There are 2 protein chains.
Amino acid sequence: MVLSIRKNKSPEVPNSCPLSECMTVLGGVWTPNVIWCLSGGPRRFSELQIDIPQVSAKVLTTRLRELEKKGVVDRNVKPTSPPSVEYSLTELGNDLIPAIDAIVRVGHKLKENAG
Amino acid sequence: MVLSIRKNKSPEVPNSCPLSECMTVLGGVWTPNVIWCLSGGPRRFSELQIDIPQVSAKVLTTRLRELEKKGVVDRNVKPTSPPSVEYSLTELGNDLIPAIDAIVRVGHKLKENAG
DNA sequence: TTATTAGGTTTCCGTATGGTAACTAAAGGT
DNA sequence: ACCTTTAGTTACCATACGGAAACCTAATAA
């Protein structure tokens, strides 16, 4: 795949700067993409897999669990059979959208330049 | 340290989405921080080391070389003795500032929330 | 002639992390 | 009884990546 954000242990960097703070949340392969997909509204696990075909179930699960733990996404299990699971952005998750937006905008510019 | 953006090989993702495109540029530990530091004006290698104390010379060099190759920073060797090197953002580098800005803003919000 | 400075480079090494693929649970359909 | 579906989990593996520390070069100063 393409890119991830690695999160090493950091015993000696207790109170990081805002930049690193936020990058920690954005950390992990496909994390920004997941947030971006959810910014359009709630999505099911299988839908996210279709949205981001390169992501493996393992990694997608990992990312969603991380984001849930950080309070960025909500996980909602619906009592269907088999149960379906819907993920959505929390308020905190929505706060991230402008940042992702800005990144996407630069991405467009990059593609123009490289195009 | 705290976080990096990993960039794995990706033979099967030729034309990535704008988001991934931009994240590739932001890839690597401390990359956003370096860009952020340079957004205040040109900085020398040793100054960047002071700005970001946790970064090792090896990694800082690697990041700067990558950013240079991607056209994000300029490298300017001054004929002093010993020669000093000044890094600055290119036009493309400046395009990234709004994105970093947005990330920093979220970072502040995160720190408030986390108290 | 020895030390110092700036800006690196190189080596070695550990591990965090992603990929792949096989396996699972529970319910409903046929 | 068996298959399918959803949403994962688990095991195994390879490696990209960062950390630490030693080393390098040329010019100047002491």
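Throughout, a chain's letter reflects where its sequence line sits, starting with A, and its residues are numbered from 1. This one's a predicted model, so the numbers in the text were calculated from it and none came from an experiment.
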- Query: Do the side-chain N or O atoms of A/Ser46 get closer than 4.0 angstrom to the phosphate oxygens (OP1, OP2) of D/dA7?
  - Reply: yes

- Verify same cluster id: A/Val77, A/Val73 (apolar side-chain graph, 4.5 Å): yes

- Please check if the side chain of A/Ser81 supplies one atom and the backbone of A/Pro83 the other of a donor-acceptor pair under 3.5 Å. no

- Whole Å only: how far is the CZ atom of B/Phe45 from the C1' atom of D/dC24? 14 Å

- C/dA16 P sits how many Å from A/Glu66 CD, rounded? 14 Å

- Between D/dT9 atom C1' and A/Gln49 atom CD, what is the distance in whole Å? 13 Å

- Given atom CG of B/Leu60 and atom P of D/dG18, what is their separation to the nearest angstrom? 12 Å

- Message: Rounded to whole Å, how long is the line connecting atom CZ of A/Arg43 with atom C1' of D/dG8?
- Response: 18 Å

- Message: Measuring to OP1 and OP2 of C/dG7, would you say a side-chain N or O of B/Arg44 lies under 4.0 angstrom away?
- Response: yes

- To the nearest angstrom, the CG-P distance between B/Leu64 and D/dG18 comes to 13 Å

- Message: Regarding C/dG8, can its base be found pairing with the side chain of B/Lys58 as donor and acceptor, where the two atoms are less than 3.5 Å apart?
- Response: no

- Query: What residues, two or more places apart in sequence or in another chain, satisfy side chain to side chain contact (heavy atoms under 4.5 Å, CB included) together with B/Ser88?
  - Reply: B/Pro42, B/Asp74

- Query: Does a side-chain N or O from A/Ser56 land closer than 4.0 Å to OP1 or OP2 of C/dG19, or not?
  - Reply: yes

- Atom CH2 of B/Trp30 and atom P of D/dG18 are separated, to the nearest Å, by 11 Å

- Note on the structure: Sorted by chain and residue number, the salt bridge (Lys or Arg N to Asp or Glu O under 4.0 Å) partners of B/Glu68 (sequence neighbours excluded) come out as none

- Identify the two heavy atoms, one from B/Asp95 and one from A/Lys109, that lie closest to each other, and give their separation to 0.1 Å. OD2-CD, 3.1 Å

- Item | DNA chain C-proximal residues of residues 75-90 of chain B, any heavy atom under 4.0 Å | B/Arg75, B/Pro82, B/Pro83, B/Ser84, B/Val85, B/Tyr87

- Message: Using the rule side chain to side chain donor-acceptor pair (under 3.5 Å), only one of A/Glu47, A/Arg44, A/Arg75 pairs with A/Tyr87; which is it?
- Response: A/Arg75

- Message: As an exercise, state the distance from CD1 of B/Ile100 to SG of B/Cys37, rounded to the nearest 0.5 Å.
- Response: 10.0 Å

- Note on the structure: Separation of D/dA7 atom C1' from A/Arg63 atom CZ, nearest Å, is 17 Å

